[in-house]
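Here the structure is laid out as structure tokens; the discussion comes afterwards.
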Amino acid sequence: MSNKMKTAVLVSGGGTNLQALIDSIDRGDVQSAEIVCVIANKENAYALERARKAGIPAKAITADFEAGALAFMQECGAELVVLAGFLSIIGKGILSAYKNRIINIHPSLIPSFCGKGYYGLHVHEKVLEYGVKLTGATVHFVSEEVDGGVIIAQKAVEVRHDDTPDVLQKRVMEEAEWVILPRAVELVASGRVQIQGRMAVITE
Ligand code: GAR
């Protein structure tokens with residue numbers, strides 16, 4: 001039997017972060033985790049196609065997401081939950097069943113440009129509106145406060161004056177998200193992340 005950490009991935013859309021994780025596992029960059037199921041809260045999420053192509057059990061749950069997702073994750077034996085482009089808020093049932101075992105990727109340097117209403121392309125629109133010169137991505141544990149849990153990894157990305165939200169989103173994904181999400185999954189799955197107060201202490 002595999003001793004890899006059984007991981008459920010929750011998605012809403014294109015699934016490029018899911019793909020980055022699948023590819024990192026295939027390459028052997030992530031060795032301590034395996035994906036046991038992919039769950040979307042949208043019927044037509046392309047991420048489901050990506051999962052099926054990789055031979056991973058995948059389904060969309062559009063009604064009573066909380067109960068359905070929890071049941072499917074438990075059926076698959078999931079021990080860790082990764083929100084990889086999951087654009088909805090996780091409810092109390094999943095939060096308490098997986099306390100400190102849910103991680104999320106957010107496309108900004110938290111605590112900037114995060115919280116309610118800051119998701120997907122909107123984040124990059126706000127970054128450009130404000131005119132900051134640096135943005136990036138953050139992987140954090142999920143807590144009851146939206147985007148407020150303990151931070152595991154961050155990476156900064158340059159903002160250029162002629163960026164559009166789409167161009168900036170692509171740069172943040174390529175330079176930050178697809179790098180730090182697989183790395184954070186490996187760190188958590190291999191037991192190298194300890195939470196001490198607000199701080200994640202990482203043993204490299
Ligand atoms: C990613 O940029 C991810 O960081 C963001 O949505 C996009 C999903 O892309 N997530 C959030 O905004 C969460 N608050 P993907 O489906 O191609 O991975």
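- The heavy-atom pair separating M5 from L80 by the smallest distance is SD-CB, 3.7 Å.
- Between the CD atom in E177 and the NE2 atom in H106 there is a gap of 9.0 Å [rounded to 0.5 Å].
- Under the 4.5 Å side-chain heavy-atom criterion for ILVMFWY residues, no single connected hydrophobic cluster contains both V81 and I151.
- A pairwise comparison of heavy atoms in A69 and I94 identifies CB-CD1, 4.1 Å as the closest pair.
- Residues N100 and I195 meet the side-chain proximity criterion, which asks for heavy atoms closer than 4.5 Å.
- E79 and T7 share no donor-acceptor pair across their side chains, judged by distance under 3.5 Å alone.
- Within the 4.5 Å cutoff, the side chain of N41 has no heavy atoms near those of the I61 side chain.
- The two residues C114 and P111 come nearest to each other via the heavy atoms SG-O, 3.6 Å.
- Between the NZ atom in K42 and the CG atom in L48 there is a gap of 11.5 Å [rounded to 0.5 Å].
- Checked against the 6.0 Å centroid threshold, F65 and F86 count as a close aromatic pair.
- Annotation for Y119: atom OH does not count as buried by contact number, only 12 or fewer foreign heavy atoms lying within 6.0 Å.
- A continuous path of Ile, Leu, Val, Met, Phe, Trp and Tyr side chains, each step under 4.5 Å between heavy atoms, connects V185 with L187, placing both in one hydrophobic cluster.
- Residues W178 and T16 approach most closely at NE1-OG1, 3.1 Å, considering heavy atoms.
- I89 CD1 to D147 CG: the interatomic distance, rounded to the nearest 0.5 Å, is 8.0 Å.
- By the side chain to side chain contact (heavy atoms under 4.5 Å, CB included) test, E186 pairs with V30, Q31, S32, S190, R192, sequence neighbours left out.
- Under a cut-off of 6.0 angstrom, the local environment of NZ in K155 is crowded, with over 12 non-hydrogen atoms contributed by other residues, nucleotides or ligands.
- Under a hydrophobic clustering in which Ile, Leu, Val, Met, Phe, Trp and Tyr are joined whenever their side-chain heavy atoms come within less than 4.5 Å, directly or via other members, V11 and I180 fall into the same cluster.
- Put simply, the side chain of Q169 does not reach to within 4.5 Å of the side chain of P107, judged on heavy atoms.
- Of the possible donor and acceptor atoms, one in the side chain of R50 sits under 3.5 Å from a partner among the backbone N and O of G14.
- At a threshold of 4.5 Å between non-hydrogen side-chain atoms, the residues M199 and V150 do not count as touching.
- No donor-acceptor pair closer than 3.5 Å links the side chain of E43 to the backbone N or O of T62.
- Nearest approach of A84 to L18, heavy atoms of both residues: CB-N, 4.1 Å.
- The distance from the CG atom of L128 to the CG atom of D163 is 6.0 Å, given to the nearest 0.5 Å.
- Cluster membership check: L83 shares its hydrophobic cluster with M73, using side-chain heavy-atom separations under 4.5 Å among Ile, Leu, Val, Met, Phe, Trp and Tyr.
- Looking only at distances, no side-chain donor or acceptor of K59 sits under 3.5 Å from a matching main-chain atom of V38.
- By the 4.5 Å heavy-atom criterion applied to side chains, I103 and V142 are not counted as neighbours.
- Using a 4.5 Å heavy-atom threshold, the side chains of Q19 and I22 count as touching.
- Counting only distance, with no hydrogens or angles, the side chain of Q154 and the backbone of I110 share a donor-acceptor pair below 3.5 Å.
- Between the CG atom of L70 and the CG atom of L95 there is a distance of 10.5 Å, given to the nearest 0.5 Å.
- Judged by distance alone, with hydrogens and angles left aside, the side-chain atoms of R171 form no donor-acceptor pair with the main-chain N or O of V157 at under 3.5 Å.
- For the atom pair D29 CG and R183 CZ, the distance stands at 10.0 Å (nearest 0.5 Å).
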